[in-house]
Amino acid sequence: IVWLTGHGEQHLAFIDPKGLRQLGVEHPKIEFYNEIKQVEKRLADPSVHLHSFLVSNTPAHEMALLWSIDRAAMIAKNIVFQDEPDYVAQIIKTVLAAATGARTV
């Protein structure tokens, strides 16, 4: 868990290192980035923001072949790739962008 606080807000990011080869693109672990937003809504506290990321140890190009989706679609599901040297920065940028309403990776 990464917990970022500031400006009266809290951002909690749940980060799960995961081998994705055996999971389908619709698997609940993959879709947790959506489910966590439902939990956030139930909290009913506008100062608390929940995020979920998967860190894949399988490279993006391999997952693209297995799932028939491109890297951008995987990033949209908050999947980052351990073989990319800036994957931690990608997570932090995405969380911070959420604080301003922008989307970057």
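Hydrogens, waters and symmetry mates are skipped; everything else that's a heavy atom, side chains included, is used.
For the atom pair CG (Asn78) and CD (Gln90), the distance works out to 10.5 Å, reported to the nearest 0.5 Å. The line from CD of Glu9 to NE2 of His49 is 3.5 Å long, rounded to the nearest 0.5 Å. Taking CG from Leu50 and CZ from Arg42, the interatomic distance works out to 10.0 Å, rounded to the nearest 0.5 Å. Interatomic distance, Leu96 CG to Ile91 CD1, rounded to the nearest 0.5 Å: 12.0 Å. Rounded to the nearest 0.5 angstrom, Leu54 CG and Gln82 CD are separated by 12.0 Å. Between the NE2 atom of His51 and the CZ atom of Phe14 there is a distance of 10.0 Å, given to the nearest 0.5 Å.
Across every non-hydrogen atom of Ile69 and Met74, the tightest pair is CD1-CG, 3.6 Å. Residues Tyr33 and Ile36 approach most closely at O-CG2, 3.3 Å, considering heavy atoms. The two residues Trp67 and Leu20 have their closest heavy-atom pair at CH2-CD1, 3.9 Å. Heavy atoms only, all atoms of each residue included: Phe81 and Tyr87 are closest at O-CB, 3.4 Å. For the residue pair Gly8 and Ser47, the shortest heavy atom distance occurs at O-CB, 3.2 Å. The two residues Glu31 and Val25 come nearest to each other via the heavy atoms OE2-O, 3.6 Å.
Placement of Leu12 and Phe32 within a single hydrophobic cluster is found when ILVMFWY residues are connected by side-chain heavy-atom separations under 4.5 Å, directly or transitively. The cluster map of Ile, Leu, Val, Met, Phe, Trp and Tyr, joined by side-chain heavy atoms under 4.5 Å apart, puts Val88 and Ile1 in different clusters. The hydrophobic cluster containing Leu65 does not contain Ile30, counting ILVMFWY residues as joined when their side-chain heavy atoms lie under 4.5 angstrom apart, directly or transitively.
Pairs of residues two or more places apart, or lying in two chains, that qualify as side chain to side chain donor-acceptor pair (under 3.5 Å) and include a residue from residues 53-65 are Arg21-Glu62.
Between Arg71 and Glu84 there is a salt bridge, with a side-chain nitrogen of the basic residue lying less than 4.0 Å from a carboxylate oxygen of the acidic one.
Remark: the backbone N or O of Ala89 is not paired with any side-chain donor or acceptor of Asp86 at under 3.5 angstrom. When atom types are taken as modelled, the side chain of Asp16 and the backbone of Lys18 share no donor-acceptor pair closer than 3.5 angstrom.
Annotation for Gln38: atom CD counts as buried by contact number, over 12 foreign heavy atoms lying within 6.0 Å. Heavy atoms of other residues, nucleotides or ligands lying less than 6.0 angstrom from NZ of Lys29 number 12 at most.
Phe53 is listed as a side-chain neighbour of Val95, based on a closest heavy-atom distance under 4.5 Å. Counting heavy atoms from C-beta outward, Trp3 and His11 have side chains that stay 4.5 Å or more apart. Taking the side chain as every heavy atom from C-beta outward, Lys37 and Asn34 never approach each other to under 4.5 Å.
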